Amino acid sequence: MDLGVLRDKIDDIDKEMIRLFEERMRVSEQVARYKIECGKEVYDPERERNKIERARNMATTPFNARGVETLFNQLMAISRVRQYELVAENRREDFGFDEITQNYADARVVFQGVEGAYGHQATLGYFGDQVDCYHVATFEDVMKEVQNRHADYGVLPVENTSTGIITDVYDLMHLYDNYIVGEYVVKVEHALLGLRGADIRQIRTVYSHPQGLMQCSRFLDTKPEWEQVSLQNTAVSARKVLLEQDVTQAAIASPAAAAYYQLSVLEDHISDNENNSTRFIIIRNRKEYVKGADGISISFELTNAHETGSLYHILGFIIFNSLNMTKIESRPIQGEKWRYRFFIDFDGNLGEAHVRDALKGIEQETINFKILGNYIQVE
């Protein structure tokens, strides 16, 4: 047959498929209205599995059976998206979050590390130089202080442009009932700090946070005789050099830490990446977001993690609601072999209907779902 004739035949089939698809969607909407009246859940995984299996068995070849399975998975996913939209129209879901006008007057803020650390810089940068702030030793201590409401806000690092996500903070965000209400980016400017009057040729030991050492690896590789010692914070390292008054010791920390602890900059701009920055989140023990919030973070686990396309189907709720996903990360779930928790960031505001539709769909079809926060993003 002529190719043009074959293409015309495909066009005719496609038109019929579109007609049938729209008819199917109209019936699906009727199903949704029935479920709304009866209080039934939209998602019925057992029925969908049975239906897909029956559809596979109708195919005449193994290849077509796989194609039918993919096609029906998509049809059902699209149908569920529309049903969730209809449910949302009848029952507005706010997920317990309140829209507020941000006010930091008299706020008490906690950060990890000590004064002069990048966390301290982020705190002052976000809340202002006059903020009432204090430090604690660990990331989890920040979480506890905020959850117990000893502090109104907490400041935690979540990502560095050179070394990636800070995994401990991701895990803690799921475990504690705190929520992201803002973010702040600090440019990381690592320098080698020593006692005033010290000479770089005298240095034998260098202290820093593990990531500080990692982010200056090229510089440190030129000093193989130096002992590298990890401490919990860059500013703690600077303070140790000051307190011990040993000219053979140095710290990798910021120029701001040098000024705070009255140390000398023995070598500046030692980062592997001059465009190195760390993103900090601002957390609060209340479900709040400001009107202009444009970024949402969520976490969840898959109910059927080992089934083909399970994550893809969840991401479909973001795709079908025309939302822009900006990040996806996974973390192993402690004590559960080969199971993972997913963390996703996407653009949106909880006041928008299509955002709520996407979140409702993801919530219904995952386990341990949590909205981590809705906040104004920083580029």
Side-chain angles (χ1 to χ4, degrees), residues 74 77-78 80-89 92-102 122 125-126 153 155-161 164-167 169-170 173-174 178-187 275 277-284 286-302 310-331 340-366 368-379:
Q74 289 299 314
I78 294 168
R80 292 199 306 276
V81 169
R82 179 57 181 145
Q83 290 187 36
Y84 285 127
E85 286 181 350
L86 293 172
V87 169
E89 288 174 8
R92 180 186 169 106
E93 176 67 78
D94 62 11
F95 300 97
F97 281 76
D98 296 320
E99 184 182 281
I100 63 163
T101 300
Q102 198 66 272
Y126 190 86
Y153 298 92
V155 178
L156 287 167
V158 288
E159 181 181 15
N160 178 267
T161 52
I165 66 168
I166 291 123
T167 55
V169 175
Y170 269 72
M173 278 305 302
H174 184 84
N178 297 322
Y179 302 90
I180 304 170
V181 295
E183 68 175 18
Y184 189 80
V185 175
V186 173
K187 181 172 174 55
N275 295 316
S277 296
T278 297
R279 183 165 68 103
F280 288 81
I281 54 172
I282 316 302
I283 62 169
R284 185 159 169 78
R286 293 178 184 172
K287 289 184 172 183
E288 297 176 345
Y289 68 98
V290 295
K291 186 174 184 179
D294 60 357
I296 292 178
S297 295
I298 63 174
S299 66
F300 59 83
E301 298 158 32
L302 297 172
S310 56
L311 178 59
Y312 174 77
H313 293 148
I314 298 304
L315 298 181
F317 289 108
I318 295 174
I319 296 167
F320 280 112
N321 284 285
S322 303
L323 298 170
N324 178 42
M325 186 175 71
T326 56
K327 179 180 288 295
I328 181 169
E329 301 283 353
S330 65
R331 291 285 301 139
Y340 297 86
R341 179 175 298 115
F342 291 90
F343 295 84
I344 289 179
D345 293 352
F346 61 90
D347 296 338
N349 183 283
L350 286 170
E352 299 169 320
H354 65 297
V355 170
R356 296 194 301 273
D357 292 344
L359 292 172
K360 189 63 179 176
I362 296 171
E363 180 187 42
Q364 290 294 307
E365 300 191 17
T366 61
N368 294 324
F369 170 82
K370 182 181 178 183
I371 298 175
L372 301 175
N374 191 191
Y375 48 90
I376 295 176
Q377 299 177 91
V378 177
E379 294 185 3

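For clarity, every value in this text was computed on a predicted model and none was experimentally measured.
Nearest heavy-atom pair across Asn349 and Gly292 is ND2-C, 4.2 Å. Residues Asn321 and His354 share a closest heavy-atom pair of O-CD2, 3.2 Å. Residue Leu323 comes nearest to Ala358 through the heavy atom pair CD1-CB, 3.7 Å, listed as atom of the first residue, atom of the second, then distance. Heavy atoms only, all atoms of each residue included: Tyr184 and Gly125 are closest at OH-CA, 3.4 Å.
Applying the ring pair (Phe, Tyr, Trp, His ring centres under 6.0 Å) test to Phe280 and every residue at least two apart in sequence or in another chain returns nothing. Taking the side chain to side chain contact (heavy atoms under 4.5 Å, CB included) definition, one finds that Lys327 meets it with Glu159, Tyr170, Arg279, Glu329, Asp345, sequence neighbours left out. Residues passing the side chain to side chain donor-acceptor pair (under 3.5 Å) test with Thr161 are Asn276, sequence neighbours excluded. Taking Glu301 as the reference, Arg341, Asn368 meet the side chain to side chain donor-acceptor pair (under 3.5 Å) condition, with sequence neighbours excluded. Contacts of Phe320 classified as ring pair (Phe, Tyr, Trp, His ring centres under 6.0 Å), with partners at least two apart in sequence or in another chain: none. Residues meeting the side chain to side chain contact (heavy atoms under 4.5 Å, CB included) test with Phe300, sequence neighbours left out: Ile298, Leu302, Leu311, Ile314, Phe342, Ile344, Ile362, Thr366, Phe369. Residues passing the salt bridge (charged side-chain N to carboxylate O under 4.0 Å, His left out) test with Lys360 are Glu93, Glu363, sequence neighbours excluded. Glu288 meets the side chain to side chain contact (heavy atoms under 4.5 Å, CB included) test with Ile100, Arg284, Arg286; sequence neighbours excluded. Residues satisfying the side chain to side chain donor-acceptor pair (under 3.5 Å) criterion with Gln74, sequence neighbours excluded, are absent altogether. Take Arg356 and apply the side chain to side chain contact (heavy atoms under 4.5 Å, CB included) test, not counting sequence neighbours, and it matches Arg92, Phe95, Ala353. Take Tyr289 and apply the ring pair (Phe, Tyr, Trp, His ring centres under 6.0 Å) test, not counting sequence neighbours, and it matches no residue.
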Tyr179 and Phe97: CA distance, side-chain angles, deciding distance, ring-ring contact (aromatic ring centres under 6.0 Å, His included) verdict: CA-CA 10 Å; Tyr179 302 90; Phe97 281 76; 5.6 Å; yes
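Here the side chains of Ile282 and Val155 are in contact, with some heavy-atom distance below 4.5 Å. Contact annotation: the side chain of Gln364 never approaches that of Arg80 to less than 4.5 Å [non-hydrogen atoms, C-beta and beyond]. Counting heavy atoms from C-beta on, the side chains of Leu315 and Phe346 never come closer than 4.5 Å.
Counting heavy-atom neighbours within 6.0 Å of Lys187 NZ, excluding the residue itself, gives a total above 12.
Distance check: Asp357 CG to Ile318 CD1 gives 13.0 Å after rounding to the nearest 0.5 Å. Between atom CD1 of residue Ile296 and atom OG1 of residue Thr326 there is a gap of 10.5 Å, rounded to the nearest 0.5 Å.
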Identify every side-chain donor-acceptor pair in residues 370-377 under 3.5 Å, counting partners at least two apart or on other chains, and give the distances.
unit_1	atom_1	unit_2	atom_2	d
Lys370	NZ	Met173	O	2.7
Lys370	NZ	Tyr176	O	2.4
Asn374	OD1	Leu350	N	2.9
Asn374	ND2	Gly295	O	2.9
Asn374	ND2	Gly348	O	3.2
Tyr375	OH	Ser297	OG	2.7
Gln377	NE2	Asp294	O	2.8
Gln377	NE2	Asp347	OD1	3.0

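Proximity of the aromatic rings of Tyr84 and Phe317 is defined here by a centroid distance below 6.0 angstrom, and this criterion is met.
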